[in-house]
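Down below is the structure, laid out as structure tokens.
Below, read A as the first sequence line, B as the second, and so on, with proteins coming before strands; counting in each chain starts at 1.
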There are 2 protein chains.
Amino acid sequence: MASSQFAMAVHVLAMLANNCDERIKSGYLAESVNTNAVVIRRLLCDLHEAGLVVSQTGYSGGTCLTQAPSEIRLDEVFEAVVKTEVFGLHPNKPNPECDIGSNIVPVLGRIQDEVNLNVRQTLSGYSLQDVIDEVIQIGKTKKKKELVK
Amino acid sequence: MASSQFAMAVHVLAMLANNCDERIKSGYLAESVNTNAVVIRRLLCDLHEAGLVVSQTGYSGGTCLTQAPSEIRLDEVFEAVVKTEVFGLHPNKPNPECDIGSNIVPVLGRIQDEVNLNVRQTLSGYSLQDVIDEVIQIGKTKKKKELVK
DNA sequence: AGTTCTGTAACTAGACTTGTTACAGTTATG
DNA sequence: CATAACTGTAACAAGTCTAGTTACAGAACT
């Protein structure tokens, strides 16, 4: 299964951005993402390590963004939560006695690096604020359609 | 685990390109990739569906490329064997009563599409021949170093 | 007829992902 | 100080995916 961590992370960060001034509880986030609060807390742990959020334990605890939504780029979010490669290299070391087998892995590794870089560059074109703007825009369009009915 | 199908596919295609005039057996390919022949045959099945190879059953059977290595681009190979996304969307449908939850999925989907497109564009910059050239180049460099010793 | 292939089904082992329960530690409230 | 409401984290279950393996039917040459 392709991991949903990135999708959930962007969702959670967008929720936090929408409530900048107060600490948000994992249970509340979990309701919106439609998952368990522990899943959210695990995610927030990764986002905390990346310096994107801070949490507070105890009574009236919760989580906040550390930066303005316009300063958080999606490649940072990706980096924080996605651990897998777009494609994996060989599961077993290829036969070193074969001309191709003995030298193909570094070539594929280089291509892998280039793909990774391009993915990150694509994502760096979007800030969290861009995502929120687009979400709100879709919301407005929906409402208009409902009014027409 | 990130699937190694793409890496193995490029490896196998490079082997076929290196032996254009004869049919190559799955067992021989498996030795170079260092895996089981059935794993290779499953892979060849996908590559056949994509029109990149043809196989023949029976005595003196085996597999050949259908095109020149310079005409096979890596995005075609990727398309043929990789089924997963760079990142997955939500495992469960987000809460529709939440402003973010109700509208974030299509936004993420659009970004997903853009990432996919960029990955394919990156890979389309390489032909199978390019990979083979690079592999051979590395092989030559290695031999030089050995001679120096 | 016998040999040597491919194609494919069926199964196993291991890894990964999400979801869940449980609980220790932390912080505010009364 | 006792209680309530949080986070952080460990532990486990269920489902899915990947690669590897065995087995065998069908095809093609000798």
Side-chain angles (χ1 to χ4, degrees), chain A residues 1-9 11-12 16 19 22-50 52-64 81-95, chain B residues 1-9 11-12 16 19 22-50 52-64 81-95:
Chain A
M1 191 192 331
S3 163
S4 316
Q5 301 269 320
F6 177 70
M8 292 197 288
H11 185 153
V12 161
L16 296 179
N19 299 275
E22 37 179 344
R23 286 196 277 264
I24 308 296
K25 297 165 202 165
S26 62
Y28 178 70
L29 296 168
E31 269 184 38
S32 174
V33 177
N34 191 11
T35 183
N36 191 288
V38 174
V39 173
I40 298 296
R41 292 206 288 267
R42 281 197 289 240
L43 197 55
L44 289 173
C45 193
D46 286 340
L47 296 175
H48 174 70
E49 280 175 20
L52 298 174
V53 301
V54 274
S55 298
Q56 190 152 58
T57 60
Y59 197 99
S60 80
T63 306
C64 296
V81 300
V82 175
K83 268 70 182 172
T84 58
E85 301 284 342
V86 175
F87 60 85
L89 299 182
H90 290 63
N92 306 313
K93 193 187 167 211
N95 188 342
Chain B
M1 190 193 332
S3 164
S4 316
Q5 301 268 321
F6 177 71
M8 293 197 286
H11 185 152
V12 161
L16 296 179
N19 299 276
E22 37 180 341
R23 285 194 277 264
I24 308 296
K25 296 165 204 164
S26 63
Y28 177 72
L29 295 169
E31 269 184 38
S32 175
V33 178
N34 192 10
T35 182
N36 190 287
V38 174
V39 173
I40 298 296
R41 292 206 288 269
R42 280 197 289 239
L43 197 55
L44 289 172
C45 192
D46 285 340
L47 296 175
H48 174 71
E49 280 176 21
L52 297 174
V53 302
V54 274
S55 298
Q56 189 152 57
T57 59
Y59 196 98
S60 80
T63 305
C64 297
V81 300
V82 176
K83 267 70 181 173
T84 58
E85 300 284 342
V86 175
F87 60 85
L89 299 183
H90 289 63
N92 307 312
K93 194 187 165 210
N95 189 341

Enter the distance from [X]:[atom1] to [Y]:[atom2] here, rounded to the nearest 0.5 Å.
| X | Y | atom1 | atom2 | value |
| --- | --- | --- | --- | --- |
| Ser26(A) | Glu31(A) | OG | CD | 10.5 Å |
| Leu44(A) | Leu29(A) | CG | CG | 6.0 Å |
| His11(B) | Leu16(B) | NE2 | CG | 10.0 Å |
| Arg41(B) | Asp46(B) | CZ | CG | 14.5 Å |
| Glu85(A) | Phe6(B) | CD | CZ | 13.0 Å |
| Ser32(A) | Met8(A) | OG | CE | 12.0 Å |

I'd like to know if the side chain of Ser4(A) reaches the main chain of Leu89(B), judged simply by a donor and an acceptor atom lying under 3.5 Å from each other, with no hydrogens or angles considered. yes
Just how far, in rounded Å, is [atom2] of [N] from [atom1] of [X]?
| X | N | atom1 | atom2 | answer |
| --- | --- | --- | --- | --- |
| Leu89(B) | dT17(C) | CG | C1' | 15 Å |
| Phe87(B) | dC16(C) | CZ | C1' | 19 Å |
| Ile40(A) | dT9(D) | CD1 | C1' | 16 Å |
| Leu47(B) | dT6(C) | CG | P | 14 Å |
| Glu49(A) | dT7(D) | CD | P | 17 Å |
| His90(B) | dT17(C) | NE2 | P | 17 Å |
| Phe6(A) | dT17(C) | CZ | C1' | 18 Å |
| Leu43(A) | dG19(C) | CG | C1' | 14 Å |

Distance test, side-chain N/O of Arg41(A) to OP1/OP2 of dT7(D), below 4.0 Å: yes
What nitrogen or oxygen pairs link the protein and nucleotides 10-18 of chain D at under 3.5 Å?
| unit_1 | atom_1 | unit_2 | atom_2 | d |
| --- | --- | --- | --- | --- |
| dA11(D) | N6 | Arg42(A) | NH1 | 3.3 |

What do the steps show when you test Val82(B) against Val86(A) for side-chain contact (heavy atoms from CB on, under 4.5 Å), and what is the final call? CA-CA 9 Å; Val82(B) 176; Val86(A) 175; over 6 Å; no
For DNA chain D, find the residues of residues 23-36 of chain B with a heavy-atom distance under 4.0 Å and give them by number; none if there aren't any. Thr35(B), Asn36(B)
Is there a residue in residues 55-63 of chain B whose heavy atoms reach under 4.0 Å of DNA chain D, and which residues are they? Thr57(B), Gly58(B), Tyr59(B), Ser60(B)
Evaluate side-chain contact (heavy atoms from CB on, under 4.5 Å) for Arg23(B) paired with Cys64(B), printing each intermediate quantity in order. CA-CA 5 Å; Arg23(B) 285 194 277 264; Cys64(B) 297; 3.6 Å; yes
Test log, rule side-chain contact (heavy atoms from CB on, under 4.5 Å), inputs Ile24(B) and Val12(B): CA-CA 10 Å; Ile24(B) 308 296; Val12(B) 161; over 6 Å; no
Under the side chain to side chain contact (heavy atoms under 4.5 Å, CB included) test against Asn36(A), which residue among Asn34(A), Val38(A), Ile40(A) passes? Val38(A)
